Amino acid sequence: MSGKYVLETENLTKEFAGFVAVSDVNLKVERGTIHALIGPNGAGKTTCFNLLTKFLTPTRGTIKYNGQDITRLYPADIAQLGVVRSFQISAVFPHLSVLENVRIALQKKRGGSFDFWRPASVLNVYNERARSLISDVGLSAFENTLAVELPYGRKRALEIATTLALDPEMLLLDEPTAGMGHEDIDRIAALIKAVSANRTILMVEHNLSVVSNLSNKITVLTRGRVLAEGDYKTVSENPQVREAYMGTGHA
Amino acid sequence: MEPAAIEQKDESAPAIRAGGVPVAFAIMLALIAAAPFVTYPLFVMQVLCFALFACAFNLLIGYVGLLSFGHALYFGWASYVCAHTAKVWGLPPELAILTGAAFACGCGIVAGSLAIRRQGIYFAMITLALAQMMYFFALQAKFTGGEDGIQGVPRGKMFGVLDLGNELVMYYVTAAIFLTGFLLIYRIIHSPFGEVLKAIRENEARAISLGYKTDRYKLMAFVLSATLAGVAGATKAIVLQQASLTDVNWPMSGEVVLIALLGGLGTLFGPVLGALIILAMQYKLSSFGEWVLVAQGAIFVLCVLLFRRGIVGEIANFFRIRL
Ligand SMILES: Nc1ncnc2c1ncn2[C@@H]1O[C@H](COP(=O)(O)OP(=O)(O)OP(=O)(O)O)[C@@H](O)[C@H]1O
Ligand SMILES: [Mg+2]
């Protein structure tokens, strides 16, 4: 389990009715790093995430996690192995309270929860841990608030707390700061930095200052292909990248 | 991890208060205990059967987000099986009801396995198609009595001692069955399993991404719902001493949707109140014939346009409690 790369893909390809959304992507995510996946809209970043977490089945190619071929597993199995994703659109459980949201993830520690005859109070053993996660993302005052009533930035914070509750070895974050104001962005960026200790993070992000501050390595995707790879300096000086990505309003 | 420490003074969304359920339950219990002295026991027994049916249906739509449009299958077929086993096999009422429920459970396993992988309207269509198939089977089969149904089902003696021929005894037995089912549903909803169900209802993709095999949870909920709908249908067969095609036909599947919608989807007490209102209306308006259907249609439109949450749902939202 201590190889250099946590996640490796080989010729990962996804075609939608003839349209190639992801094409021969060979991605190697190094253990313990923050790896950013960037690229213009429609580049195939989210599709890549969907392939890695098996929400979509690859047309071709293989995915290895800690050396194990996970290409044929189900999405729930991927999560159980320790790869947990977030979604581009905030993914909370809207009509559950903040505490309940986080507990759903903590509850996973019991394995399956098919015991419909037991009172939910058996889950109270997770309250303490849930509260500490909630406080880490600054939501303590909202413990009993329904997630749907939180402002957007706080929903994303809740989502991260829920994800962290699984203590995943690897986190896949799809645009964690999308749609946020400056303060929220700084808060989330700090949070990502803090949780990256002893895990690996692969993240899609449009905000280049977040990318440059956080990531050890960047992969640039355009039209489903890898255009460039390297640290922020290397990538940002690459003329092709400047043309394809930075030229489109993000400079 | 201090970097994310944030000031928490700004917005203060009102939290949900506890305590609504015990109060509502006490009221319901008092009403059920007193009802046979105020109105016709037979009417209230029917309300209780439909209430349990609607609660079972609501377990799926309200807590898992699955719209079954074929719940008449479990209600009606359990009714047939119970009536047949009580009348022809001579089973005592408790065993006849259990047999009916077990049959509904079996049907739930088969139908659920076929339907559960589909989403939204496709799920509803498969449940409807399977229910209609079983309706035609009920229409053709010998033992169901076709258009006549099964009449003259003996009420018998529950556990060999409780004489169900006595209207009050029958009433309290029905009430006990209803309450057991109701409390079981409460337990299911407020169990570790129920928490996962609610998560699936709220955001299935997210539940999967957290590692839950959601299909298995949905199937389990489907089977529990079908079984409880079966208990309701079987009890009704003993209460009314008959089983008929009405209970297994698709308008019955529609009626249970209406009951749950009117009372409030995803509320504990909504289906009970919904059953009371719909049955009272059918009873009061029975002399106006087809107008019952018009009134039901109007209620349906009103619910969809004005009270999205249903009556109990609106009350719960107003007081910021869970009911
Ligand atoms: N299920 C699907 N069926 C057909 N085409 C799809 C599907 N999902 C994505 N696509 C297409 O694949 C391409 C890549 O989409 P994807 O969502 O992966 O882009 P992205 O890089 O995440 O973009 P954004 O920055 O806008 O989120 C787009 O052209 C999109 O229209
Ligand atoms: Mg995307």
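Naming: A, B, ... by sequence-line order, numbering from 1 per chain. All of these numbers come straight from a predicted model, not from anything done at the bench.
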Exercise for the section: Go through the atoms of A:Phe55 and report whether side chain, backbone, both or neither lie under 4.5 Å from a heavy atom of chain B. Expected result: side chain
Fill in the blank from the handout: Per-residue tally against chain B (heavy atom, under 4.5 Å) across A:Glu100, A:Lys54, A:Lys193, A:Arg103 peaks at A:Glu100
Practice task
State whether A:Arg156 and A:Glu159 are salt-bridged, where the test is any N-O pair (Lys NZ or Arg NE/NH1/NH2 against Asp/Glu carboxylate O) under 4.0 Å.
Solution key: yes
Handout entry: Heavy-atom neighbours of B:Leu29 CG exceed 12 at 6.0 Å
Key = yes
Handout entry: Heavy atoms of other groups near B:Lys213 NZ, more than 12 under 6.0 Å
Key = yes
Practice task
Would you please indicate yes or no on a ring centroid separation below 6.0 angstrom for B:His190 and B:Tyr186?
Solution key: yes
Handout entry: Under 4.5 Å from any heavy atom of chain A - which part of B:Ile189
Key = neither
Problem - Within 6.0 angstrom of B:Tyr122 OH, more than 12 heavy atoms from elsewhere - result: no
Problem - A:Phe93 side chain near B:Glu195 side chain, heavy-atom distance below 4.5 Å - result: no
Exercise for the section: Quick one: which of A:Ala165, A:Pro75, A:Pro94, A:Ala147 has the most heavy-atom pairs under 4.5 Å with chain B, could you say? Expected result: A:Pro94
Handout entry: B:Arg118 atom CZ: more than 12 heavy-atom contacts under 6.0 Å
Key = no
Completion exercise
When the 4.5 angstrom heavy-atom criterion is applied to A:Phe87 and chain B, the contacting part is side chain
Problem - Contact class of A:Leu166 relative to chain B, heavy atoms under 4.5 angstrom - result: side chain
Completion exercise
Pair count under 4.5 Å, heavy atoms only, with chain B: among A:Ile104, A:Val84, A:Leu172, A:Leu123, highest is A:Ile104
Handout entry: Portion of A:Glu143 that has a non-hydrogen atom of chain B nearer than 4.5 angstrom
Key = neither
Handout entry: chain B contact via A:Val148 - which portion, at a heavy-atom distance below 4.5 Å
Key = neither
Problem - Winner by heavy-atom pair count (cut-off under 4.5 Å) against chain B, out of A:Ala120, A:Ala79, A:Ala189 - result: A:Ala120
Exercise for the section: Answer yes or no: is there a donor N or O on one side and an acceptor on the other, between the side chain of A:Asn101 and the main chain of A:Leu96, under 3.5 Å? Expected result: yes
Exercise for the section: Using non-hydrogen atoms and a 4.5 Å limit, figure out which bit of B:Ala221 sits close to chain A: side chain, backbone, both or neither. Expected result: neither
Problem - Option in A:Gly112, A:Pro119, A:Ser86, A:Ala91 with maximal non-hydrogen atom pairs under 4.5 Å from chain B - result: A:Pro119
